[in-house]
Amino acid sequence: MTTPYAFSQSAFAGEVQQRWDHLQDGEESGVVVRVAGRVMLLRAQGKLAFATMRDSTGELQLFALAEVTESFAEFTHLHLGDWVGVTGEVVRTKRGELSVKVASWVRLAEAQHNFGDKWAGIADFDLRYRHREADLWANEKSRTTLARRSAVLQAVRQRCWADGFLEVETPILNAIPTGAAARPFVTYHHALDTEFYLRIAPELWLKRLVVGGFERVFELGRVFRNEGISPRHNPEFTMLELYRAYWDYQDMMAFTEELVAGVALDVLGTTEIQYQGRDLSLATPWPRHTMAELASASLGEEVSVHTPRARLASLAAERGVEVSAAWGPGRLLAELFEVTAEADLWEPAFVTEHPVEVSPLARRHRRDPELTERFESYVVGRELSNGFSELNDPVDQRRRFEEQARLGAAGDEEAMRLDEDYLRALEWGLPPTAGLGVGIDRLVMVLADEANIREVIAFPTLKPLTEGRD
RNA sequence: GCGCCGGUAGCUCAAUUGGCAGAGCAUUUGACUCUUAAUCAACAGGUUCCGGGUUCAAGUCCCGGCCGGCGCACCA
């Protein structure tokens, strides 16, 4: 059976509901509309039939009568999930439901599968993630969450554009995976006979654009990290990276909290929300604490990057950290922070002044060369963003890369890779610049009240099925 | 990668100590002129995730595998 190639729709369900809200029970509007959508429910009753149709704006009842509706018998045999286009007058039934009284209709597409259960929806995670289309059809929460993701992306872009940032795109296929510490995915280009890596961060490319004179740039894009999957990690995820010449990390912290709180206002109309049943305020300003302060407070003992390495190592070991001989005091301090204080940062907060040892791209702190001018924001116990005054000294940058190379040689698979082209770019002159990275998926999780990152990704990474299930 | 839990009809879920594999919805058929989770009646629907094993008998117990959820590890 051939179905139509198009349907000229004159109104959406939501519009009809609003515009004819005033109709009294049993009243007819005299206005004919053409609406289209998916049949969600069907109640056939002899010579009458009622269907609930849904389009992207809402639901609307279709009211069919044997003496009025063309092909009435076929109408009563529509399947749940079928797409229909309907022409008819807007009326309100005697029992008070605003409806389109079906004069003519056409099936636009047939649903050959259905999930049947009208109130339980689809619960099986495997089915929901592998066939998100069925999940979206069946589950309203999935629709609102993914729509909210779109709203967040729009709000982030608009705020960046409004501040004069240029949206740019940088390579995903990279000869050298760098800009972060992570295992990359490897792929291969035939014509060039070269292995490429999917990017783990766009950071170095973006700073090269700043070197070129784009003083404000951002990229909103996918990055790929070949790491474990968890409720908070998907192998590909979306990151906002943003660079602003002439700013330092303090300026960027202020920008970050305003961005996140502003997006919450744009999307939800408030900064006062609930996450997983707990109150959460995103209102600015967010408190700032140095990493050493937080670790010291949790440990009940003053520690810093200047504490003797042996002391830091024993404190870490006491707390279950498997200390590597290659770690210096900076890495140990960062590990101590992670195992003690990190999970308690429910309300938004900035952690600042990370050790140089764990921050190979950040500029040294103006008051302590063992620290950097870096910050991370934490919300609901999770890292949400990361930023710093960018290291713009090519000599120091080379030293930092070389230190990373030593770690790599010692077996650290995630040590950052040296990029000669980037060092050369720094030699052209990077102005004082602050950078920011925001995990967009995690931001959406907070604003959509979702506990699992897969819920905020339309098609999360799953292991393919080899046989058996569809 | 490790541990715990789960996988039964298209969907959501039952199935006592091992004892004939079931319900609701969906599908199909019939009744019904104001339903809205419509109602009523009937028919049909199964590789109980896959492969072994124990047993007179396995959805249930044991071993291996697949997929998923959660926790841990990993994730600067």
Side-chain angles (χ1 to χ4, degrees), chain A residues 25-26 40-53 59-68 72 76-77 79-81 91-99 101 111-131 134-135 137-139 179-183 200-201 225-235 237 291 320-322 327 330-331 333-335 337-338 342 351 354-362 372 374 376 382-383 386 388 404 407 412-416 437 439 451-454 460 462-470:
Chain A
D25 291 0
M40 300 306 295
L41 293 171
L42 184 64
R43 300 171 290 280
Q45 186 186 317
K47 297 195 164 52
L48 296 184
F50 303 89
T52 303
M53 183 204 84
E59 295 189 342
L60 187 60
Q61 179 165 274
L62 307 177
F63 177 28
L65 299 87
E67 54 190 45
V68 172
F72 176 79
T76 66
H77 282 82
H79 288 180
L80 303 194
V91 302
R92 192 179 291 281
T93 59
K94 288 181 204 166
R95 300 290 286 270
E97 185 74 24
L98 192 71
S99 308
K101 190 162 78 178
Q112 295 184 27
H113 305 284
N114 67 71
F115 62 92
D117 203 294
K118 292 180 281 199
W119 50 95
I122 295 179
D124 181 57
F125 288 103
D126 213 24
L127 179 60
R128 289 187 50 228
Y129 295 147
R130 287 187 199 279
H131 287 284
D135 176 43
W137 161 19
N139 295 322
R183 287 176 61 180
I200 56 175
R225 297 186 183 179
N226 206 339
E227 289 159 357
I229 293 176
S230 84
R232 290 159 295 283
H233 300 84
N234 197 64
F237 61 99
M291 182 176 274
V321 177
E322 276 188 52
W327 297 353
R331 176 70 182 267
L333 179 66
E335 295 283 339
F337 161 74
E338 282 174 28
E342 180 178 286
V351 178
H354 300 56
V356 168
E357 187 181 344
V358 296
S359 312
L361 300 169
T372 59
R374 179 175 171 192
E376 290 178 306
R382 301 199 285 256
E383 183 188 343
N386 179 24
F388 33 85
Q404 290 292 309
L407 291 171
D412 184 347
E413 288 192 64
E414 286 158 358
M416 201 174 292
N452 191 323
I453 196 169
R454 293 178 157 194
L462 296 174
K463 190 156 179 169
L465 297 174
T466 46
E467 60 181 49
R469 315 182 53 163
D470 40 285

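Residue numbers begin at 1 in each chain, while the letters A, B, ... track the order of the sequences.
In this structure, A:G26 reaches neither bases nor backbone, as no heavy-atom distance under 4.0 Å exists between it and the strands shown. As judged by a 4.0 angstrom heavy-atom cut-off over every strand, A:T93 is placed among the base-contacting residues. At the heavy-atom level, A:R225 lies under 4.0 Å from the strands shown only through sugar-phosphate atoms. Contacts of A:Y129 with the nucleic acid, taken as non-hydrogen atoms under 4.0 Å apart, involve only primed sugar atoms and P, OP1 or OP2. Using a 4.0 Å heavy-atom cutoff across all strands shown, A:H354 reaches no nucleic acid atom at all. Heavy atoms of A:E67 sit under 4.0 angstrom from at least one base atom. Among the atoms of the strands shown, only primed sugar atoms or phosphate atoms (P, OP1, OP2) are found under 4.0 Å from some heavy atom of A:A181. Residue A:A134 is classed as having no contact, given no heavy-atom separation below 4.0 Å to the nucleic acid. A:K463 comes within contact range of the sugar-phosphate backbone alone, with a heavy-atom separation under 4.0 Å but no base atom that close. Residue A:P231 is classed as a sugar-phosphate contact, given heavy-atom separations below 4.0 Å to backbone atoms only. At a threshold of 4.0 angstrom between heavy atoms, the contacts of A:E383 with the nucleic acid are absent.
Checking B:G68, B:A38, B:U28 against the side-chain heavy atoms of A:L462 singles out B:G68 as nearest. Of the candidates B:C11, B:A76, B:A38, B:C11 carries the atom nearest the A:I122 side chain, counting heavy atoms from C-beta on. Distances were taken from every side-chain heavy atom of A:L48 (C-beta onward) to each of B:A76, B:U33, B:C13; the shortest belongs to B:U33. Set against B:G68, B:U28, B:U36, the side chain of A:F125 has B:G68 as its closest nucleotide. Nearest nucleotide to the A:R374 side chain, out of B:A76, B:C34, B:U12: B:A76. Here B:C34 is the nucleotide among B:A76, B:A38, B:C34 with the atom lying nearest to any side-chain atom of A:F50.
Taking atom CD1 of A:I229 as the reference point, atom P of B:C2 lies 15 Å away to the nearest angstrom. In this structure, A:L127 atom CG and B:G10 atom P are separated by 12 Å, rounded to whole Å.
In a base pair of the Watson-Crick type (N1 to N3 plus N6-O4 or O6-N4) or a G-U wobble (N1-O2 and O6-N3), with each distance short of 3.5 Å, B:U55 is matched with no nucleotide. When Watson-Crick and G-U wobble pairs are counted only if both distances are under 3.5 Å, B:G1 pairs with B:C72. Using Watson-Crick or G-U wobble geometry with both donor-acceptor distances under 3.5 Å, B:U48 finds no partner in any strand shown. Pairing of B:U33, defined by two Watson-Crick or G-U wobble distances under 3.5 Å, is not identified with any nucleotide. Across every strand in view, B:G6 sits in a pair with B:C67 that passes the Watson-Crick or G-U test at under 3.5 angstrom. Nucleotide B:A23 has B:U12 as its partner under the Watson-Crick or G-U criteria, with both atom distances under 3.5 Å. Under the Watson-Crick or G-U wobble criterion, with both distances below 3.5 Å, B:G18 has no partner in any strand shown.
The backbone N or O of A:I122 lies less than 3.5 Å from a partner atom in the side chain of A:N139, making a donor-acceptor pair.
Exactly one of A:M53, A:R43, A:K101 qualifies for a side chain to side chain contact (heavy atoms under 4.5 Å, CB included) with A:Q61. That residue is A:R43. Each of A:L60, A:T52, A:L62, A:T93 was checked for a side chain to side chain contact (heavy atoms under 4.5 Å, CB included) with A:S99, and the lone residue meeting it is A:T93.
Remark: A:R374 engages A:E376 in a salt bridge (Lys or Arg N to Asp or Glu O under 4.0 Å) (not counting sequence neighbours).
Distances shorter than 4.0 Å separate none of the side-chain N or O atoms of A:N226 from OP1 or OP2 on B:C74.
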